Amino acid sequence: MGKRGRAAVVVLGDIGRSPRMQYHALSLATQASLKVDIVAYGGSDPHAAILKHPSICIYKMAQWPRLMQKLPWLLRYIVLLLKPLFQFLVLLWHLCVKIPAPDVFLVQNPPSVPTLVAVKWASWIRHSAFIVDWHNFGYTLLGLSLGRGSRFVAVYRWFEKHYGQLADGSLCVTKAMQHELAQNWGTRATVLYDQPPEFFHPASMEEKHRLFLKLNKELRHSEGIGDCISHDDPNDSLITTISEDGVIAKSIRPALVVSSTSWTPDEDFGILLEAAVMYDRRVAAILNEDDSVKEEVLWDEMNNGKQNIYPRLLFVITGKGPEKEKYEQKIKNLHLKRVAFRTMWLSAEDYPSLLGSADLGVCLHTSSSGLDLPMKVVDMFGCGLPVCAASYSCIEELVKVERNGLLFSSSSELADQLLMLFKGFPNACNVLASLRNGTLEERSSAAWATEWEEHAKPLVLEVISRNSS
């Protein structure tokens with residue numbers, strides 16, 4: 001069968017929250033000159049570059065009814081069988097009927113069931129090649145909720161391994177995962193490290209000013225609970241101001257710390273809350289603050305220009321997920337003097353601007369398998385943002401300690417890092433400045449398009465050629 005000049009990118013999830021697959025789609029269209037059909041769920045808008053590209057078309061699938069997710073506990077295992085059957089039929093319909101026949105299916109894993117099964121069947125029916133992009137292992141994620149000893153987890157692992165081996169090619173995100181696939185799964189995979197695309201970059205002062213004016217209401221508002229940020233001047237940008245020389249950063253401003261999370265069990269957000277409390281208490285002790293002084297008095301002093309050796313911290317937490325409301329309630333009960341939290345969901349265009357405007361990124365991802373790397377850190381590095389990241393087995397493939405970030409294993413260790421990095425903020429943070437410089441130097445040496453051209457494109461063209469001959 002001859003070449004058709006098409007590729008299908010398959011995501012059993014929200015395409016707007018699947019950045020790596022969006023970048024694949026762009027590269028398939030621009031670097032491999034293929035027409036690309038994305039089959040995924042809706043929910044969040046992908047980047048404008050995807051929506052505007054003339055060679056990319058998005059097909060949004062129907063989702064499992066939300067009402068069914070609220071069934072009693074006794075019916076949970078029935079749902080575990082019915083849900084993948086529903087997803088399988090919807091996915092197979094789209095892959096075999098709705099979209100034109102592609103040369104190659106490129107599918108995100110996990111989820112593995114029923115995705116890998118449906119895509120493999122579709123590749124047989126439509127005489128297409130089949131590539132798996134291994135982001136993690138699906139059975140380890142399922143094991144977080146059901147336990148590694150569950151029979152469902154064992155069955156899931158069998159399907160994931162069996163259908164993964166049937167792929168015509170594989171990509172993966174780390175060398176550690178490549179080794180695991182080769183040694184224990186009988187699968188050869190090419191490592192394609194995540195790299196940020198060009199629209200992730202350090203923000204200019206003008207970009208920062210526009211962003212903070214746009215987010216001003218959300219950043220000031222704390223749902224009726226006063227804190228060191230909501231008490232600030234509501235008529236000005238929180239971080240920037242206009243001077244005779246143009247837009248400049250305020251000398252008296254909070255340090256902005258960004259953390260992106262999916263609010264799932266493989267990210268212990270409690271570590272960040274505990275570290276924030278420790279920072280707040282330790283700074284108060286270092287400054288010999290009188291506990292009887294009301295918080296509002298301290299906030300008035302900060303707002304009137306009093307500068308301390310340790311700044312206020314504003315944590316902006318982005319993302320959606322199942323445990324968000326639980327942690328938002330915990331945040332409301334903290335009553336901190338010089339630390340504030342805001343949770344929000346940003347557009348695909350505003351999110352890079354926020355990262356490019358921040359002073360530090362924090363990553364709580366620890367990986368269910370210990371073999372994948374957090375895309376959020378890649379995005380942060382693309383914006384020149386140094387990172388404090390939770391330590392686990394292969395994270396040093398990405399975070400180079402004391403070069404572009406630091407690693408922590410406990411809330412106390414993270415609190416120590418916050419105190420060290422922000423002492424003397426904003427102009428005398430030598431360690432933070434050194435990490436930022438290291439991040440910028442690392443950033444200049446890699447790009448998604450370059451990595452994709454070298455590692456992914458040859459695999460894609462090879463499996464297409466082999467399948468069409």
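Please read all numbers here as calculations on a predicted model, not as lab measurements.
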More than 12 heavy atoms of other groups within 6.0 Å of [X] [atom1]:
X: Glu349; atom1: CD; value: yes
X: Trp124; atom1: CH2; value: yes
X: Glu396; atom1: CD; value: no
X: Lys161; atom1: NZ; value: yes
X: Glu402; atom1: CD; value: no
X: Arg466; atom1: CZ; value: yes

Could you check whether any side-chain heavy atom of [X] comes within less than 4.5 Å of a side-chain heavy atom of [Y], counting everything from C-beta outward?
X: Ser170; Y: Thr190; result: no
X: Met61; Y: Lys98; result: no
X: Leu432; Y: Pro386; result: yes
X: Leu421; Y: Leu406; result: yes
X: Lys214; Y: Asp350; result: yes
X: Trp452; Y: His24; result: yes
X: Leu219; Y: Val316; result: yes
X: Leu256; Y: Leu238; result: no

So, for [X] and [Y], which heavy atoms are closest and what is the spacing to 0.1 Å?
X: Tyr392; Y: Leu373; result: OH-CA, 3.6 Å
X: Arg148; Y: Val153; result: O-CG1, 4.0 Å
X: Val258; Y: Ala358; result: CG2-CB, 3.5 Å
X: Ser237; Y: Asn216; result: CA-OD1, 4.3 Å
X: Arg17; Y: Lys320; result: NH2-O, 2.7 Å
X: Ala447; Y: Gln195; result: C-CB, 3.6 Å

Do you know which of Val377, Asn437, Leu398, Val399 makes side-chain contact (heavy atoms from CB on, under 4.5 Å) with Asn404?
-> Val399

May I ask you to check whether Phe315 and Phe341 place their ring centers less than 6.0 Å from one another?
-> yes

Do the ring centers of Tyr327 and Phe269 come within less than 6.0 Å of each other?
-> yes

Checking side chain to side chain contact (heavy atoms under 4.5 Å, CB included) for the pair Ser44/Trp345: CA distance, chi angles, key distance, verdict?
-> CA-CA 10 Å; Ser44 307; Trp345 174 257; 3.2 Å; yes

Under 3.5 Å: donor-acceptor pair, side chain of [X], backbone of [Y]:
X: Lys35; Y: Ser55; value: no
X: Gln63; Y: Tyr41; value: no
X: Glu451; Y: Leu192; value: no
X: Glu397; Y: Lys175; value: yes
X: Ser410; Y: Glu413; value: yes
X: Asp103; Y: Arg4; value: yes
X: Ser468; Y: Ser465; value: yes
X: Glu207; Y: Ser353; value: no
X: Gln178; Y: Ala189; value: yes
X: His94; Y: Val90; value: yes

Side chain to side chain contact (heavy atoms under 4.5 Å, CB included) between Leu106 and Val10: does it pass, once the steps are laid out?
-> CA-CA 6 Å; Leu106 176 60; Val10 184; over 6 Å; no

Working to the nearest 0.5 angstrom, can you tell me the gap between [X] [atom1] and [Y] [atom2]?
X: Glu274; Y: Ser411; atom1: CD; atom2: OG; value: 4.0 Å
X: Thr240; Y: Leu213; atom1: OG1; atom2: CG; value: 6.0 Å
X: Asp37; Y: Ile56; atom1: CG; atom2: CD1; value: 10.0 Å

Would Glu323 and Lys326 satisfy salt bridge (charged side-chain N to carboxylate O under 4.0 Å, His left out), going step by step from the backbone distance to the final call?
-> CA-CA 5 Å; Glu323 297 195 336; Lys326 179 181 79 173; 3.7 Å; yes

Would Thr366 and Asp268 count as a side-chain hydrogen bond (donor to acceptor under 3.5 Å, both in side chains) if you check the C-alpha gap in whole Å, the side-chain angles of each, and the deciding distance to 0.1 Å?
-> CA-CA 8 Å; Thr366 54; Asp268 186 357; over 6 Å; no

Show your reasoning for whether side-chain hydrogen bond (donor to acceptor under 3.5 Å, both in side chains) applies to Ser369 and Thr140.
-> CA-CA 6 Å; Ser369 65; Thr140 62; 4.6 Å; no

Residue pair Leu181, Arg188: steps toward the side chain to side chain contact (heavy atoms under 4.5 Å, CB included) verdict | CA-CA 7 Å; Leu181 286 167; Arg188 292 180 58 190; over 6 Å; no

Test side chain to side chain contact (heavy atoms under 4.5 Å, CB included) on Phe200 and Leu355 and set out the steps.
-> CA-CA 8 Å; Phe200 281 88; Leu355 297 185; 4.0 Å; yes

Can you check side-chain hydrogen bond (donor to acceptor under 3.5 Å, both in side chains) on Thr343 and Glu328, steps first, answer last?
-> CA-CA 8 Å; Thr343 59; Glu328 283 180 331; 2.5 Å; yes

If you measure only the distance, is there a donor-acceptor pair under 3.5 Å linking the side chains of Asp372 and His365?
-> yes

Identify, with sequence neighbours excluded, every residue that meets ring pair (Phe, Tyr, Trp, His ring centres under 6.0 Å) alongside Phe159.
-> none

Please assess Arg20 against Asp194 for the test salt bridge (charged side-chain N to carboxylate O under 4.0 Å, His left out), listing each intermediate value before the final yes or no.
-> CA-CA 7 Å; Arg20 181 176 167 101; Asp194 283 316; 2.6 Å; yes

Mind telling me whether Tyr163 and Trp158 have parallel, tilted or perpendicular rings, with 30° and 60° as the class edges?
-> perpendicular

Parallel, tilted or perpendicular: which fits the ring planes of Trp185 and Phe137, with parallel below 30° and perpendicular above 60°?
-> parallel

